[in-house]
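Let me begin by presenting the structure, written as structure tokens, before commenting on it.
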Number of protein chains: 2
Amino acid sequence: MNSSASGMADPLGGEAAPARLRNLPTRLLALTALHSDRLVTEGLAGADARQWHYAVLATLQEFGPASQAELSRRTRIYRSDLVTVINELAERGFVERAPDPADRRRNVITMTGQGRRRLHRLDELLAAIGDDVLAPLSREERRQFTDLLTRLLDHHGRSRHRDA
Amino acid sequence: MNSSASGMADPLGGEAAPARLRNLPTRLLALTALHSDRLVTEGLAGADARQWHYAVLATLQEFGPASQAELSRRTRIYRSDLVTVINELAERGFVERAPDPADRRRNVITMTGQGRRRLHRLDELLAAIGDDVLAPLSREERRQFTDLLTRLLDHHGRSRHRDA
DNA sequence: GACGAACGTTAGTCGCACTAACAATTAGAG
DNA sequence: CTCTAATTGTTAGTGCGACTAACGTTCGTC
């Protein structure tokens with residue numbers, strides 16, 4: 001009864017995939033990211049957190065108080081979604097949302113002391129999860145891996161392809 | 001009018017992300033995969049196809065006619081979703097779905113000649129897209145990259161963590 | 001003082017991974 | 001040989017993340 005789930009393909013007892021799929025880099029990338037995301041999401045959920053929380057807290061830590069628009073640009077979280085994230089963080093006392101007196105369109109988001117402690121906690125959690133994800137790789141290979149990813153991201157970050 | 005979209009963070013003009021995020025491997029992985037997925041999805045959509053179509057056709061090519069359950073195991077597509085995929089492929093004449101006389105619970109899915117031609121076409125398309133995604137990497141680096149991904153996948157594919 | 005842009009917000013779309021439940025059929029245990 | 005458990009295909013539905021549309025408010029500018 002290990003694989004007793006109903007409508008699904010047992011991810012464990014899966015039969016071999018065809019070579020075309022095993023060698024398709026975009027597929028490898030997607031599957032690996034899916035797995036990694038799952039670990040991260042589960043790990044953070046156990047601490048009542050989400051990736052977005054970490055992204056926002058980390059940004060506040062490094063750049064200081066900021067408007068939601070600026071946070072959106074730095075974290076690449078959509079402004080519409082950011083509203084919810086800030087709500088959640090504010091509910092838990094990790095940030096404060098106040099109107100900006102200098103520009104009354106904006107809110108100033110400020111990290112609290114509790115928020116700073118929270119960030120440290122999430123730092124540790126994410127480091128542990130990252131270790132788990134990259135477990136089979138040596139230190140040098142991990143460096144290679146993140147380096148390759150960074151270069152791919154940098155390249156595609158610059159050149160936008162939507163011309164229509 | 002580059003950044004004229006309404007509710008969103010302009011992914012182009014984004015300001016610098018904090019170091020914590022830039023160095024977080026799980027985040028790099030997620031963002032890279034997101035970008036790759038987008039390119040793949042758009043590219044295939046232009047040919048009225050989806051990743052799943054390719055996965056199913058490739059599996060049929062390598063292992064011959066199969067039941068939907070077997071296809072599900074090999075492609076890791078959920079059986080429930082596979083129904084739709086087979087519908088789409090059958091509509092377009094790339095596969096045929098027939099009841100299995102030997103086991104009347106099953107359907108036998110068989111690839112047609114059109115399906116084979118389709119597979120070749122998608123092979124080319126995906127190769128081109130993969131080239132695009134991996135553009136900034138040298139041949140040797142691409143090999144490294146897929147090798148690292150494969151090892152990560154293999155590792156996590158074996159040890160399942162859901163015991164409950 | 002009018003107009004366009006930026007900001008925060010609400011609501012909603014779309015696709016994907018995944019679950020639940022079910023009828024039909026088959027296999028296995030007693 | 002029968003009865004139960006498991007497998008197969010299918011429908012429906014959940015949850016979440018990325019993304020769009022639209023709106024009222026405020027700011028800069030001319």
Side-chain angles (χ1 to χ4, degrees), chain A residues 1-11 13 27 30-31 33-42 44-45 50-53 55 66-73 75-88 90 97-109 162, chain B residues 1-11 13 15 27 30-31 33-38 40-42 44-45 49-53 55 66-73 75-88 90 97-109 162 164:
Chain A
M1 69 196 56
N2 210 345
S3 62
S4 63
S6 55
M8 67 166 300
D10 182 357
R27 174 169 229 254
L31 286 180
L34 178 64
H35 216 89
S36 161
D37 268 358
R38 189 143 47 200
L39 289 179
V40 169
T41 302
E42 284 174 5
L44 289 181
R50 306 202 271 140
Q51 301 159 254
W52 288 348
H53 295 184
S67 71
Q68 297 184 191
E70 188 190 342
L71 288 174
S72 168
R73 276 178 233 116
T75 60
R76 301 190 121 86
I77 301 172
Y78 277 71
R79 273 203 292 219
S80 35
D81 298 329
L82 196 53
V83 174
T84 312
V85 178
I86 302 293
N87 286 344
E88 293 169 357
R97 179 201 260 131
D100 186 342
D103 183 342
R104 304 215 316 267
R105 290 172 300 182
R106 303 185 185 185
N107 290 335
V108 185
I109 311 299
R162 168 172 305 260
Chain B
M1 70 196 57
N2 210 343
S3 62
S4 63
S6 54
M8 68 165 298
D10 183 356
E15 287 158 50
R27 174 169 230 253
L31 286 180
L34 178 64
H35 213 87
S36 162
D37 268 358
R38 191 144 45 200
V40 170
T41 302
E42 285 175 6
L44 289 181
R50 306 201 269 139
Q51 302 158 251
W52 288 348
H53 295 185
S67 72
Q68 297 183 191
E70 187 191 342
L71 288 174
S72 167
R73 277 177 233 118
T75 60
R76 301 190 120 85
I77 300 173
Y78 278 71
R79 279 213 295 262
S80 36
D81 296 331
L82 195 54
V83 174
T84 313
V85 178
I86 302 293
N87 285 344
E88 292 169 356
R97 180 200 260 131
D100 184 342
D103 183 340
R104 304 213 318 267
R105 292 172 299 182
R106 304 186 185 187
N107 290 333
V108 184
I109 311 299
R162 166 173 306 260

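In what follows, chains are A, B, ... by sequence order, proteins preceding strands, each numbered from 1.
Taking the side chain as every heavy atom from C-beta outward, B:Arg97 and B:Gln68 approach each other to under 4.5 Å. B:Glu88 places a side-chain heavy atom less than 4.5 Å from the side chain of B:His53.
Considering CG of A:Asn107 and CD1 of A:Ile86, their distance stands at 9.0 Å, rounded to 0.5 Å. Distance CG/A:Asp100 to CZ/A:Arg105: 10.0 Å, rounded to 0.5 Å.
Atoms CZ (A:Arg50) and P (D:dA18) sit 10 Å apart, rounded to a whole Å. Whole-Å rounding puts the B:Ile77 CD1 to D:dT10 P distance at 14 Å. Atom C1' of nucleotide C:dG15 and atom CG of B:Asp81 are separated by 10 Å, given to the nearest angstrom. For the pair A:Leu34 CG and C:dG15 P, the computed distance is 19 Å after rounding to whole Å. Rounded to a whole Å, the CZ atom of A:Arg79 is 18 Å from the P atom of C:dA11. Taking atom CZ on A:Arg73 and atom C1' on C:dC7, their separation rounds to 9 Å, with Å as the unit. With rounding to whole Å, A:Glu70 atom CD is found 15 Å from C:dG8 atom C1'. Taking atom CZ on B:Arg97 and atom C1' on D:dT8, their separation rounds to 12 Å, with Å as the unit.
With A:Ser67 contributing its side chain and A:Val108 its backbone, the two residues share no donor-acceptor pair below 3.5 Å.
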Using the side-chain contact (heavy atoms from CB on, under 4.5 Å) rule, take B:Gln51 and B:Asp37 through it: C-alpha gap first, then chi angles, then the decisive distance, then the call.
CA-CA 9 Å; B:Gln51 302 158 251; B:Asp37 268 358; 4.1 Å; yes
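Taking only side-chain atoms of B:Asn107, from C-beta outward, the nucleotide of D:dT10, C:dT10, C:dG8 with the closest atom is D:dT10. You'll find that the side chain of A:Ser80 is closest to C:dA11, out of C:dA20, C:dA11, D:dG9. Distances from the side chain of B:Gln51 to the nucleotides C:dC16, C:dG8, D:dG9 place C:dC16 closest. Side-chain proximity of B:Trp52 to C:dG8, C:dA20, C:dA17: nearest is C:dA17.
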So which protein N/O to nucleotides 26-30 of chain D N/O distances come out below 3.5 Å?
residue, atom, partner, partner atom, Å
D:dC27, OP1, A:Arg104, N, 2.6

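Residues A:Pro101 and A:Pro99 come closest through the heavy atom pair CD-O, 3.3 Å.
Counting non-hydrogen atoms under 4.0 angstrom, A:Thr41 reaches nothing in the nucleic acid.
Listed pair A:Arg76 / D:dA18 fails the phosphate criterion, with no side-chain N or O lying under 4.0 Å from OP1 or OP2. Close to D:dT10, at under 4.0 Å from its OP1 or OP2, lies a side-chain N or O of B:Gln68.
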